[in-house]
Amino acid sequence: MPRQDPSVKVMISLTQRNKMAELFKKYHILTYGCQMNKNDSERMAGLLENLGFEPSQTWQEANLVLLNTCSIRDKAERRVFGQLHELHHYRKTHSKDMELGVMGCMPQHAQAFIREKLPFVDYVVGVNNMEDLPNFLGHGYTLSQQLEQLRTRRTKKDVNRFEHKLAKQVRASGKKAWISIQFGCNKVCSFCIVPYTRGIEISREKEAIFKEIAALHEKNVTEIVLLGQNVNSYGMTIYDDYRFADLLRETATKFPWLEKIDFLTSYPSDVTQELIEVIASYPNITNEIHFPLQHGDDSILKAMRRRYTVAEYRLKVQQLRNRIPDVRLGTDLIVGFPGETEEHFLNMLAVLSEIRFDFANTAAYSPRPKTRAARLPHQVPDQIKRKRLHRLNEHLQAIYKTNDNNPHFTQTNPHLAQAR
Ligand code: SF4
């Protein structure tokens with residue numbers, strides 16, 4: 001098959017579309033991780049169906065299987081690795097006409113690993129160039145050629161490409177729809193790989209977001225979730241004075257048919273009084289606020305490069321509870337961060353007893369490549385991490401039992417387990 005330069009963006013003609021549909025016929029996407037990834041999979045499904053592909057119920061039936069990967073924890077990547085080998089083994093032993101693709105976070109930081117350990121993969125796109133997949137399909141580009149097309153961030157031009165090429169989505173979530181309002185993150189917490197996978201933060205223009213929401217009405221969608229790594233820093237990268245509180249207010253006003261407007265995830269210090277006021281003022285805006293504390297000891301928060309202290313976080317909790325009496329507060333928590341002592345850990349438990357969250361996602365710290373925390377001394381042994389995680393979960397369960405409002409609980413930290 002002749003190889004072309006994949007950087008030359010080709011227009012997909014009708015003939016090519018038919019050829020691709022004939023080539024692959026059925027697709028299946030296996031999604032790991034957070035809601036951002038799930039939303040990306042919906043967009044990828046829309047892009048493929050636009051080319052004439054049909055979804056298959058199982059991956060065994062598909063001619064094109066894509067794994068939308070998560071890198072937030074080592075365990076999530078090992079699962080992807082195992083799944084890819086299983087798929088490869090299946091297609092060999094069943095002589096199955098099946099091509100394999102990797103998308104999502106893993107290609108953004110693990111190119112050498114993909115070249116060396118996954119040479120049988122046919123397609124690779126990252127979070128910032130997933131709309132390139134149609135240019136790769138059926139063209140026989142090498143993995144190296146495709147990996148060269150990865151982008152470390154989305155520029156404004158890329159966001160426009162996103163609006164045009166990835167506009168169609170196959171919504172998997174019925175009456176609820178996820179809406180990405182920004183990409184990337186500028187906070188660069190020392191434990192987190194997201195800034196290295198999704199790049200620096202850029203917001204979508206509000207008009208594009210409103211257009212996407214408006215189109216949901218005729219599809220009987222009644223709930224939306226506005227998605228971003230830090231939704232409440234929305235607008236900072238593209239507008240002088242239009243912020244998340246403005247977006248939320250305008251969404252609630254423009255679309256009164258929306259029964260619930262949810263959002264994920266909020267960075268504690270960006271929860272402003274104005275935002276709290278907007279949440280309190282509109283009945284269709286959620287009263288569940290997920291804003292990750294991550295730890296309850298100031299020295300660990302500092303080492304994590306979180307931009308708040310426990311006292312500042314506590315103040316946000318008070319402001320939220322004062323203004324929104326029925327607010328439900330959720331958090332993410334990490335145990336076993338480098339340097340965490342028994343005393344730091346007990347400080348965290350004490351803060352949790354005081355704040356009494358309604359829900360929490362917990363995880364043991366997992367060192368990630370490129371991050372500052374992975375290079376810190378005094379890494380906590382796995383056995384201690386596991387024990388502390390167990391104790392933390394028991395502590396939270398005891399709190400939930402005495403909470404009045406029937407909270408729910410999960411052991412998976414969405415920020416860490418993108419599997420957010
Ligand atoms: S933990 Fe959240 S705020 Fe911190 S760098 Fe990762 S995505 Fe950004």
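Counting convention: from 1, in listed order, for ligands and their atoms alike.
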Between Tyr196 and His109, is the ring centroid distance below 6.0 Å?
no
message: Counting backbone and side-chain atoms alike, is an N, O or S atom of Cys185 positioned under 2.8 Å from atom 8 (Fe) of ligand 1?
response: yes
One finds that the ligand 1 atoms under 4.0 Å from a non-hydrogen atom of Gln229 are 7 (S)
Note: Pro292, heavy atoms under 4.0 Å from ligand 1, region reported as neither
Quick note on ligand 1: atoms under 4.0 Å from a heavy atom of Phe191 include exactly 1 (S)
Do the non-hydrogen side-chain atoms of Ile279 and Asn287 ever get within less than 4.5 Å of each other?
no
Taking the basic N atoms (NZ, or NE/NH1/NH2) and the acidic carboxylate oxygens, is any pair closer than 4.0 Å for Glu212 and Arg171?
yes
Lys117/Glu77 salt bridge by N-O under 4.0 Å criterion: no
Point to revise | Side chains of Asn393 and Thr362, donor plus acceptor under 3.5 Å | key: yes
(message) For a salt bridge (charged side-chain N to carboxylate O under 4.0 Å, His left out) check, start with the C-alpha distance between Glu342 and Arg391, then their side-chain angles and the critical distance, and finish with the verdict.
(response) CA-CA 12 Å; Glu342 178 67 12; Arg391 287 165 65 198; 2.7 Å; yes
d(Ser180 OG, Lys38 NZ) to nearest 0.5 Å is 13.0 Å
field: 4.0 Å heavy-atom contact, Arg306 with ligand 1
entry: yes
For Val188, the ligand 1 atoms with a heavy-atom partner under 4.0 Å come out as 5 (S)
Here the atoms of ligand 1 under 4.0 Å from any heavy atom belonging to Pro195 are 5 (S)
One finds that the ligand 1 atoms under 4.0 Å from a non-hydrogen atom of Cys189 are 1 (S), 3 (S), 4 (Fe), 5 (S)
Tell me, please, if Cys192 has any N/O/S atom, main chain or side chain, under 2.8 Å from atom 6 (Fe) of ligand 1?
-> yes
With heavy atoms and a 4.0 Å threshold, my read on which part of Asn230 contacts ligand 1 is side chain
